[in-house]
Q: 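Once you've had a glance at the structure underneath, I'll fire off some questions.
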Amino acid sequence: MSTEKSEQLFEKAKTLFPGGVNSPVRAFGSVGGTPRFITKGKGSRVWDADGNEYIDFCGSWGPLILGHANEKIENAIIETVKNGPSFGAPTLQENDLADLILSNHKYVERIRFVSSGTEAVMSAIRLARGYTGRNKIIKFEGCYHGHVDSLLVKAGSGLVTFGNSSSAGVPKSFVDETIVIALNDEEAVKAAFEEHKDEIAAVIIEPIPANNGLLLQDGKFLRALREICSDENALLIFDEVISGFRVGFEGATGLYDIKPDIITLGKIIGGGMPVGAFAASEKIMNSIAPLGPVYQAGTLSGNPVAMAAGKAALEQLLEPDFYTAMKKKTRKLVSAVLEHIEEKEYKVRMFSIGSIYWIAFTDRPSIRSSSEIDPESMNIYRKFYHSLLNNGFYIGPSGYEVGFVNAAHTEEELAEAARIINLSLDVALA
Ligand SMILES: *Cc1c(COP(=O)(O)O)cnc(C)c1O
């Protein structure tokens with residue numbers, strides 16, 4: 001497989017952007033080698049600048065649940081942009097997308113659109129603080145919520161700790177109000193509320209943590225969070241930027257049937273265009289400007305082209321059996337790999353939920369918190385990754401990234417994908 005053109009383009013990019021990229025993980029830092037410059041996508045496939053073809057499981061990091069260049073989304077974008085790309089005034093496209101979401105999502109009553117997942121989370125945190133009049137936020141180690149200052153934290157040592165920032169440029173005072181707790185640790189959450197009585201505004205969690213491996217949580221733990229927050233008058237925020245519209249139209253909220261106070265959305269919601277959103281009850285959302293005291297705004301928020309793309313995408317997700325079919329497909333892929341793992345007696349696990357999967361080089365029956373991931377396993381992942389890539393299988397370049405099955409993947413492609421995964425396991429574990 002030649003990567004000459006991608007190499008040249010990456011050299012050029014390095015003279016333009018820090019590290020040659022506009023988002024760090026794209027740089028292939030953790031797997032080594034040259035990032036592929038993607039020139040085209042169609043259905044389940046992408047092509048790079050050297051003309052190499054890949055079956056894609058990255059899906060632009062989650063948004064493309066319908067595959068690349070979906071015709072209905074493409075047409076909606078083209079038709080809408082003909083009338084101008086942005087007005088900064090209310091448009092009917094905003095009404096249409098919001099109506100579609102709210103009338104099919106029984107857990108929320110009002111929504112506000114923004115332009116990214118990070119922005120959605122940042123606004124949700126401000127809303128929670130403004131609504132409760134409290135400052136502290138509980139987050140979990142291993143959950144990613146975008147690059148919001150106060151949430152770029154890693155746990156200190158000890159059960160309930162205030163975070164240390166994991167990024168330069170974030171003053172210590174910005175993370176002083178952030179409490180970091182290990183996932184799946186109900187007792188620690190209770191202890192935090194005891195220690196900081198009436199100070200905690202919200203608990204934020206990815207109900208399906210999928211940015212640091214796939215750390216599937218026990219439904220019992222999520223229900224406990226709901227109960228604790230209700231008892232303590234704190235808000236529960238489900239960050240569904242990745243799980244929203246992915247495991248079901250109502251996301252993890254619907255899957256577990258747990259009603260959080262605020263839901264953040266992103267990725268799939270824009271059909272591949274930059275859209276994020278946060279949604280809640282009418283009562284909570286009334287705190288947002290111009291109705292309430294919590295300020296939040298955006299020049300390009302509710303952009304009509306992005307709204308039209310989102311609507312064209314979400315309409316397709318509402319077709320009967322859409323999610324059942326996605327799950328069935330994913331199961332097929334997963335079972336073809338698990339069969340191979342079992343046969344070869346590899347110490348490898350493949351976890352999945354809905355159309356998300358993650359391969360972990362471990363023999364633990366489950367991984368529910370980030371400390372259970374063996375960092376050494378990433379050395380094996382590197383070998384595994386390059387074998388995938390060289391055999392025409394594209395996925396995010398890190399062992400902590402999950403894979404996404406999309407609606408355009410055919411049975412044959414998934415069988416081919418399983419074959420590539422299995423031969424790559426053989427290469428990596430040889
Ligand atoms: C991707 C993601 C974000 C950040 O969204 P951006 O659009 O990249 O800013 C936040 N939370 C979760 C759970 C995500 O998966």
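Computed from a predicted structure; not experimentally measured. For ligands, and for the atoms within them, numbers begin at 1 and follow the listed sequence. Hydrogens, waters and symmetry mates play no part in the numbers below; they use all other heavy atoms, side chains included. Numbering starts at 1 and runs along the sequence shown.
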Q: Is the closest heavy atom of Lys267 to ligand 1 under 4.0 Å?
A: yes
Q: Kindly indicate, with the supporting measurements, whether the criterion ring pair (Phe, Tyr, Trp, His ring centres under 6.0 Å) is fulfilled by Tyr256 and Phe221.
A: CA-CA 11 Å; Tyr256 293 108; Phe221 174 64; over 10 Å; no
Q: Whether Arg226 and Asp261 form a salt bridge (side-chain N of Lys/Arg under 4.0 Å from carboxylate O of Asp/Glu) is what I want to check.
A: yes
Q: For ligand 1, does Asn211 get within less than 4.0 Å through its side chain, its backbone, both, or neither, judged by non-hydrogen atoms?
A: side chain
Q: For atom 5 (O) of ligand 1, which protein heavy atom lies nearest, and how many Å away is it?
A: Gly117 CA, 3.2 Å
Q: Which heavy atom of Tyr323 sits nearest a heavy atom of Val247, and at what distance?
A: CD2-C, 4.1 Å
Q: Any salt bridge between Glu227 and Arg223, counting N to O under 4.0 Å?
A: no
Q: Counting each atom of ligand 1 from 1 as listed, which ones have a heavy atom of Glu206 under 4.0 Å away?
A: 13 (C)
Q: For atom 8 (O) of ligand 1, grab the closest protein heavy atom and report residue, atom and distance to one decimal in Å.
A: Thr118 OG1, 4.5 Å
Q: Which atom names give the shortest non-hydrogen contact between Asn212 and Gly142, and what distance separates them?
A: CB-O, 3.2 Å
Q: Which protein heavy atom lies closest to atom 11 (N) of ligand 1, and at what distance to 0.1 Å?
A: Asp239 OD2, 2.7 Å
Q: How far apart are the closest heavy atoms of Leu97 and Ile269, and which atoms are they?
A: CD2-O, 4.2 Å
Q: Need the ligand 1 atom indices (1-based, order shown) with element for anything under 4.0 Å from a heavy-atom of Ser116.
A: 7 (O), 9 (O)
Q: Using a strict cut-off of 4.0 Å, indicate which atoms of ligand 1 neighbour a heavy atom of Ile242.
A: 15 (O)
Q: Check the orientation of His409 and Phe57. Use parallel for under 30°, tilted for 30 to 60°, and perpendicular for over 60°.
A: parallel
Q: For the pair Glu109 and Lys283, evaluate salt bridge (Lys or Arg N to Asp or Glu O under 4.0 Å) and give the outcome as yes or no after the intermediate values.
A: CA-CA 9 Å; Glu109 297 168 344; Lys283 183 168 178 239; over 6 Å; no
Q: For His145, which part has a heavy atom under 4.0 Å from ligand 1: side chain, backbone, both, or neither?
A: backbone
Q: Distance under 4.0 Å to a non-hydrogen atom of Tyr144: what atoms of ligand 1 satisfy this?
A: 11 (N), 12 (C), 13 (C)
Q: Could you name the option among Gly146, Gly276, Pro274, Gly270 that has the heavy atom nearest to atom 4 (C) of ligand 1?
A: Gly146
